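Atoms considered below: every heavy atom in the structure, side chains included; atoms not considered: hydrogens, waters and symmetry mates. Quantities reported herein were computed from a predicted structural model and do not represent experimental measurements. Letters A, B, ... mirror the listed sequences (proteins, then strands); counts begin at 1.
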There are 2 protein chains.
Amino acid sequence: MKRHALIFGLVGGTLIATLQYTEYRFVVLEHSVELYGALVAVLFAAFGIWLGLRITRRRETIRETVVLKEVLVPAETPALEPFAPNTEQQRTLGITARELEILALIARGLSNREIATELFVSENTVKTHCARAFDKLGAARRTQAVQRGKELGILP
Amino acid sequence: MKRHALIFGLVGGTLIATLQYTEYRFVVLEHSVELYGALVAVLFAAFGIWLGLRITRRRETIRETVVLKEVLVPAETPALEPFAPNTEQQRTLGITARELEILALIARGLSNREIATELFVSENTVKTHCARAFDKLGAARRTQAVQRGKELGILP
DNA sequence: GATGTCGTCATCCTTTCGGGTGATTTTGCG
DNA sequence: CGCAAAATCACCCGAAAGGATGACGACATC
């Protein structure tokens, strides 16, 4: 969490410096202060939203839930079932919550980049999780990982 | 979510107006632009963080209520549903039998090369079928194609 | 015979994935 | 606090996948 403050300070400082530097170029224009205000407002609002999302991201510990899944669907409504994940399999395979999260996003057809954006992490991190999850699942490709995950009941 | 945008606009507008109004009081001071920048930055960063919190909190609460539920269902066999393919969708999308065949193999986690071996055709042919099928499904990746195919009921 | 669809195969090029390795930071827990 | 697990990030490299385009033959249909 220390890094967030650092980033905040850096961005702020850079922006202030930029303002100070560019002041002599645009201050002769009309309404430059308002433009500055709007610019800074937009930038920092975006940054704040990002930061807010980032620091409040769900960090819940795994709960102990013993669950068996219910199938028996007439193949017409593919959704709507709550999907009780098979935590048993997940645990025995050593798949972490984060890895499962990424597996689920893979199953939904997202690319690594999209997953990275969705989870506010770098693409490299996603790839690392992927590699670990694939290894634990014995899969060589993401499609295979999805297939295995569904077989084992750890994916909807 | 619409209300957030409204609040955002209101706060922004008010701040801009305030800036414009107070310009004539502080513009004579030194570094007024930097002060404006810092002020606006802090305010909007705080606002952004608040917005981020607000947005994510609701999701978390929903998640909370859903999570700790203990389901118990007779451990039945997966029911062996024969999967009646939705030929309707397939036809309207213009997906040929061969393309569907390759889609099914993709869903099973095979690579293009493995599919080519399985079907006794060249890898290029498989890729062509893939491209066509992906285009008809509106998918950019094979995982997405599988997801779409299952949604539409043309894949088990 | 002209037309259209389907399956087949190719080439070129770009992007994405996956494997491997190493590193730092965060977090949970005793 | 200190340790271990988990999460994060980076870099490299080769393989796989994907896009675009063109081509050819079989087959059906009008």
Original post:
Choosing from D:dG18, C:dT8, C:dG19, which nucleotide comes nearest the side chain of B:Arg142?
Top reply: D:dG18
Subject >> Nearest heavy-atom neighbours spanning B:Leu100 and B:Ile95 >> reply: N-CG2, 4.0 Å
Original post:
More 5' along DNA chain C: B:Glu123 or A:Ala139, using each one's nearest nucleotide?
Top reply: B:Glu123
**OP:** Please answer whether the main-chain N or O of A:Leu93 pairs with a side-chain N or O of A:Lys136 as donor and acceptor at a distance below 3.5 Å.
**Re:** no
Original post:
Do any side-chain nitrogens or oxygens of A:Asn124 fall under 4.0 Å of OP1 or OP2 in D:dA10?
Top reply: yes
Original post:
Counting side-chain heavy atoms from CB outward, which of C:dG18, D:dA17, D:dC9 is closest to B:Lys127?
Top reply: D:dA17
Original post:
A:Leu100 has an atom CG; how far is it from atom C1' of D:dA7, in whole Å?
Top reply: 15 Å
Original post:
Just to confirm, is there a sub-4.0 Å distance from OP1 or OP2 of D:dA5 to any side-chain nitrogen or oxygen of A:Thr96?
Top reply: no
**OP:** List the atom of A:Leu103, the atom of A:Ala145, and the distance in Å for their closest heavy-atom pair.
**Re:** CD2-CB, 4.1 Å
Original post:
Thinking salt bridges, do A:Glu114 and B:Arg141 make one under a 4.0 Å N-O criterion?
Top reply: yes
Original post:
Of A:Leu110 and B:Ile102, whose nearest nucleotide on DNA chain C comes first from the 5' end?
Top reply: B:Ile102
Original post:
Quick one: is D:dA10 close enough that its OP1 or OP2 comes under 4.0 Å of any side-chain N or O from A:Thr125?
Top reply: no
Original post:
Rounded to the nearest Å, what distance is computed from the CD atom of residue B:Glu114 to the P atom of nucleotide D:dA17?
Top reply: 8 Å
**OP:** Let me know the distance between NE2 of B:His129 and P of D:dG18, rounded to the nearest Å.
**Re:** 15 Å
Subject >> Short side-chain N/O contact to D:dA16 OP1/OP2 from B:Asn112, under 4.0 Å >> reply: no
**OP:** Check whether any side-chain N or O of A:Ser122 sits under 4.0 Å from OP1 or OP2 of D:dA10, and answer yes or no.
**Re:** yes
Original post:
In whole Å, what is the span from the CZ atom of B:Arg113 to the C1' atom of C:dC9?
Top reply: 16 Å
Original post:
How would you label the contact of B:Ser111 with the nucleic acid (heavy atoms, under 4.0 Å): base, sugar-phosphate, or nothing?
Top reply: sugar-phosphate
Subject >> Whole angstrom value for the distance that separates P of C:dC17 from CG of A:Asp135 >> reply: 19 Å
**OP:** Provide, to the nearest angstrom, the distance between the CD1 atom belonging to A:Ile95 and the P atom belonging to D:dA5.
**Re:** 17 Å
Original post:
Are a donor atom and an acceptor atom from the side chains of A:Thr125 and A:Thr128 found within less than 3.5 Å of each other?
Top reply: no
Original post:
Is the distance from OP1 or OP2 of D:dA16 to the nearest side-chain N or O of A:Arg141 less than 4.0 Å?
Top reply: no
Original post:
Distance from B:Ser111 atom OG to B:Ile106 atom CD1, nearest 0.5 Å?
Top reply: 10.0 Å
Original post:
Think A:Arg98 has a side-chain N or O under 4.0 angstrom from the OP1 or OP2 of D:dT8?
Top reply: yes
Original post:
Between B:Ile115 (CD1) and D:dG18 (C1'), how many Å, whole number?
Top reply: 14 Å
Original post:
In terms of side-chain heavy atoms of A:Thr128, which of C:dG19, C:dA10, D:dT8 is nearest?
Top reply: D:dT8
Original post:
Roughly, in whole Å, what's the span from CG in A:Leu93 to C1' in D:dA6?
Top reply: 17 Å
